[in-house]
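Heads up, the thing below is written out as structure tokens.
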Amino acid sequence: MNRWLIKSDPEEYGWELMQKDKTTLWTGVRNYQARNNLRLMKKGDELLFYHSNIDMAIVGLCKLNKKAQPDPTATEGDWSCVEIKAIRSLAKPVTLSQIKAHEDLQQFGLVRNARLSVMPVSEKEWQAISDMAGE
DNA sequence: GCCAACGTTGGC
DNA sequence: GCCAACGTTGGC
């Protein structure tokens, strides 16, 4: 089982809506690195749901329902999407500033490459985030 | 609202 | 194949 973090602008599609929808197709990724990460996901993988721009915090936990399939919103190009399922909110959201301040998270994608929207989370990183989330 | 970082495009 | 110009994302 692998772990990932996905980013979303809450003004476009926030955690509230994700929970209401329960499952959603994660479409619209138009970056090769992010797409390749989507394609590596397997059913049952766990995902952290991050709010960019306004909240700047990890707020929720999701699971991968269906592995990568062609993105139906792509009119051209070779793009993928996955189906994810909302599990629950974190006990405490973990803010970007907390993440940046944590010594075990200096190599984490959010810190090193702010623009990447789908990234892997290592075991150590997951542990650090879980601790801060009060899980 | 600004700007840094990054990715993409297109001219050469 | 290089690199300047441009567009987008996202943190501040």
Side-chain angles (χ1 to χ4, degrees):
Chain A
M1 197 258 306
N2 288 308
R3 283 142 168 180
W4 310 90
L5 178 140
I6 55 173
K7 267 194 219 173
S8 193
D9 181 348
E11 290 195 316
E12 276 187 39
Y13 191 85
W15 178 241
E16 296 297 312
L17 197 52
M18 174 78 236
Q19 283 181 298
K20 202 184 293 175
D21 286 348
K22 295 195 175 67
T23 67
T24 195
L25 267 187
W26 204 251
T27 56
V29 171
R30 298 291 182 272
N31 168 284
Y32 290 112
Q33 208 182 334
R35 181 202 70 183
N36 292 342
N37 285 332
L38 287 181
R39 290 180 176 177
L40 291 171
M41 292 180 183
K42 296 198 190 72
K43 186 175 166 68
D45 282 1
E46 292 179 321
L47 301 96
L48 297 168
F49 193 102
Y50 175 80
H51 274 166
S52 63
N53 297 322
I54 297 173
D55 254 7
M56 290 185 284
I58 301 170
V59 291
L61 189 64
C62 298
K63 251 188 183 178
L64 198 87
N65 249 9
K66 280 187 198 157
K67 67 178 173 66
Q69 62 184 79
D71 184 340
T73 69
T75 52
E76 60 174 19
D78 180 21
W79 301 108
S80 298
C81 66
V82 294
E83 187 183 287
I84 61 173
K85 181 184 184 184
I87 303 297
R88 60 185 166 81
S89 299
L90 296 183
K92 288 183 286 185
V94 179
T95 66
L96 182 62
S97 54
Q98 282 180 283
I99 289 164
K100 286 189 163 175
H102 198 294
E103 60 172 337
D104 289 344
L105 297 174
Q106 296 308 304
Q107 303 303 312
F108 190 37
L110 273 185
V111 177
R112 302 206 73 189
N113 181 4
R115 308 239 348 238
L116 185 59
S117 61
V118 180
M119 68 192 76
V121 182
S122 74
E123 181 72 37
K124 190 173 81 171
E125 289 159 353
W126 187 273
Q127 198 55 56
I129 293 164
S130 297
D131 285 348
M132 291 191 286
E135 299 282 331

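The chains referred to below are lettered A, B, ... by the order of the sequence lines, with proteins before strands, and numbering in each begins at 1. Side chains included, hydrogens not; waters and symmetry mates left out as well; all remaining heavy atoms used.
A:L96 comes within contact range of the sugar-phosphate backbone alone, with a heavy-atom separation under 4.0 Å but no base atom that close.
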Applying side chain to side chain contact (heavy atoms under 4.5 Å, CB included) to A:L105 and A:I129, what does each step give before you reach the verdict? CA-CA 9 Å; A:L105 297 174; A:I129 293 164; 4.1 Å; yes
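Distance CD1 (A:I58) to P (C:dG11): 11 Å, rounded to an integer number of Å. One atom, CZ of A:R35, and another, C1' of B:dC6, lie 18 Å apart when rounded to the nearest Å. Going from atom CG of A:D9 over to atom C1' of C:dT9 covers 10 Å, rounded to whole Å. One atom, CD1 of A:I54, and another, C1' of B:dG1, lie 15 Å apart when rounded to the nearest Å. Atom CD in A:E12 sits roughly 13 Å away from atom P in C:dT8 (whole-Å rounding). Rounded to whole Å, the distance from CG on A:L110 to P on B:dC6 is 14 Å. What separates CE of A:M119 from C1' of B:dC6 is a distance of 13 Å, to the nearest Å. Going from atom CZ of A:R115 over to atom P of C:dC12 covers 15 Å, rounded to whole Å.
Summarising the local packing, CD of A:E16 is surrounded by 12 or fewer heavy atoms from other residues, nucleotides or ligands at distances under 6.0 Å.
Side-chain proximity of A:Q33 to C:dC12, B:dG7, C:dG10: nearest is B:dG7. Counting only heavy atoms from C-beta on, A:Y32 has its side chain closest to B:dT8 among C:dG11, B:dG7, B:dT8.
For the pair A:P93/A:D55, no side-chain contact is recorded, criterion being any heavy-atom separation below 4.5 Å from C-beta on.
For A:K7 and C:dG10, the shortest distance from a side-chain N or O to OP1 or OP2 is below 4.0 Å. Between A:Y50 and C:dG11 there is a side-chain polar atom (N or O) within less than 4.0 angstrom of OP1 or OP2.
A:W126 approaches A:E46 most closely through the heavy-atom pair CZ2-OE1, 3.5 Å.
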